[in-house]
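What follows is a set of notes on a single structure, which appears directly below.
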Amino acid sequence: MPGIVVVGTQWGDEGKGRITDLLASQADMVVRYQGGDNAGHTVVLDGVKFKLHLIPSGILYPNVMCVIANGVVINPEVLIEELTNLENKGVSTKNLRISCNAHLVMPYHIVLDKAGEYRLGKSKIGTTHKGIGPAYADKAARSGIRTQDLLDLKIFRTKLEEILKFKNAVIEKVYELEPLDLEVIFNKYKDYADIIGKYIVDTSFLINKSLDENKRVLFEGAQGTLLDIDHGTYPYVTSSSTISGGVCVGAGVGPGRLDEVIGVAKAYTTRVGSGPFPTEEVSKIGDYLREKGFEYGTTTGRPRRCGWFDSVILRYSAMINSLDSIAITKLDVLSGLDSIKICVGYKYKDHVFYDLPPHQSIIHKCEPIYQELKGWNRDISSLKSFKDLPEETQNYINRIEELVKVPVSMISVGAERSQIIIKDEALKQRLFERHMRSTLIV
Ligand code: IMP
């Protein structure tokens with residue numbers, strides 16, 4: 001089974017990094033296929049912390065090829081910071097490859113992202129201010145600048161001159177801000193080209209070749225299904241295809257090459273930024289989850305909105321992504337609660353919805369219908385197998401499986417690598433018969 005996809009099933013921050021790290025220990029190649037430095041996780045290797053936003057965490061394994069594919073938008077400044085940090089800490093970056101077709105995040109994208117959010121005021125999306133939306137907008141408008149343009153600075157300059165005229169007009173006339181200087185941007189990006197030029201190739205050939213050779217390729221999703229540009233809670237979404245189908249477009253592989261799709265779901269739900277969130281708890285329980293689960297953004301430090309597990313959105317994610325299994329993360333955060341709620345449906349006026357309602361206003365205004373399950377008081381963080389978990393914990397997982405109609409394959413009960421219980425024995429055999437390399441993702 002060479003093509004394995006890991007996707008977020010909620011609104012991002014599900015703990016995908018933990019699961020991809022575990023699977024990367026068994027992979028030959030790890031591929032990022034969408035998003036940009038709006039994503040992020042911290043990796044701990046032998047006590048040393050690495051903050052990664054663009055480079056797949058597989059880079060910490062000496063024999064794993066790491067690919068930033070065409071679907072990603074790259075801020076070269078952030079990328080170079082990550083490269084430098086890795087090299088300074090003794091991690092080789094020789095196995096990194098960057099797609100020649102990936103688009104660049106430019107300084108005007110960041111200015112326009114921030115200014116656009118400011119203009120929206122109360123209706124703002126709550127973006128990460130990393131220029132992601134404007135970069136994808138330029139890509140779709142066919143006025144984006146790609147990494148391959150860095151390899152021919154004459155072309156790069158011509159494109160930059162052309163687009164900057166228009167961007168500066170918007171920056172000055174619409175937002176009444178200072179225009180950006182062409183020479184400053186050009187010189188910066190010229191320097192970036194010197195550093196990252198050597199990593200730029202057509203990654204779709206590389207990825208397909210690896211799959212042809214039956215190597216294990218892990219496609220690492222960023223953000224989550226409900227933040228998908230097409231299938232998420234639009235307009236409160238990011239600007240890329242965060243779902244499993246996004247792999248095909250964002251990495252240049254056909255659908256038949258994806259053998260296994262693992263959806264990552266937190267044992268409760270969180271969201272950063274604006275937008276509907278039916279099971280949100282603006283209450284003591286929400287605060288409890290935030291503090292116990294340390295729910296603060298890796299990229300922006302913003303406190304995350306917290307609430308109960310929502311099986312309606314998970315069923316939707318299971319459908320949209322064709323999930324083969326679910327990895328449940330942070331189950332230990334729920335330990336100590338007397339009772340735990342699971343949302344089984346939504347009520348809106350006289351209607352009950354078991355599937356995601358078709359209209360955004362309904363998702364905004366609906367009331368969650370909860371089933372209440374008995375909690376567990378035991379510390380589960382050192383338990384190694386599903387059958388060791390308290391009966392109540394097993395009931396919670398079993399209920400999730402019943403409601404979502406997808407088996408749970410993995411459960412994380414703590415931040416360390418050893419604290420992931422692999423519930424699905426067949427998956428364990430399929431994926432983990434190789435030697436485990438050791439890192440820790442938080
Ligand atoms: P953008 O991707 O910066 O444009 O932000 C759009 C929406 O996606 C905002 O609600 C962000 O909070 C959310 N978002 C973007 N990246 C992440 C992520 O990695 N985790 C969680 N939410 C994210």
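Throughout, residue positions are numbered sequentially from 1 according to the sequence presented. Atoms within a ligand are numbered from 1 in the order they appear, just like the ligands themselves. Just so you know, these numbers come straight off a predicted model, no measurement behind them.
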Numbered atoms and elements of ligand 1 in range of [X], under 4.0 angstrom, heavy atoms:
X	result
V237	6 (C), 7 (C)
L227	8 (O), 13 (C), 14 (N), 22 (N), 23 (C)
W11	21 (C), 22 (N)

Is the shortest distance from a heavy atom of [X] to ligand 1 less than 4.0 Å?
X	value
R304	no
S239	no
Q223	yes
D113	no

Salt bridge or not for [X] and [Y], using N-O below 4.0 Å?
X	Y	result
K423	E401	yes
E281	K341	no
K167	D138	yes
E162	K165	yes
K347	E367	no
K284	E291	no

Among all protein heavy atoms, pick out the one at the shortest distance from [atom]; state its residue, atom name and that distance to 0.1 Å.
atom	result
atom 21 (C) of ligand 1	D13 OD2, 3.1 Å
atom 19 (O) of ligand 1	N38 O, 3.3 Å
atom 2 (O) of ligand 1	T238 OG1, 2.6 Å
atom 3 (O) of ligand 1	T128 OG1, 2.5 Å

Tell me which part of [X] gets within contact of ligand 1: side chain, backbone, both or neither, using heavy atoms under 4.0 Å.
X	answer
K130	neither
Y236	neither
V272	both

*Look at atom 9 (C) of ligand 1 and find which of G126, G224, A222, G273 reaches it with the closest heavy atom.*
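Going through G126, G224, A222, G273 one by one, G126 has the nearest heavy atom to atom 9 (C) of ligand 1.
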*So how far is it from N321 CG to T225 OG1, rounded to the nearest 0.5 Å?*
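OG1 of T225 is found 4.0 Å from CG of N321.
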*Measure the acute angle between the ring planes of F219 and Y33, then classify it against the limits of 30° and 60° as parallel, tilted or perpendicular.*
perpendicular
*asked:* I'd like to know whether the aromatic ring centres of Y346 and Y348 sit less than 6.0 Å apart in this structure.
replied: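 No.
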So, regarding [X] and ligand 1 (criterion: nitrogen or oxygen to nitrogen or oxygen, under 3.5 Å), is there a contact or not?
X	value
T127	no
R302	yes
R271	no

*Report yes or no: do Q10 and S317 form a side-chain donor-acceptor pair below 3.5 Å?*
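Per modelled atom types, Q10 and S317 side chains form no pair under 3.5 Å.
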*asked:* When you compare the side chains of T270 and D13, does any donor N or O come within less than 3.5 Å of an acceptor on the partner?
replied: no
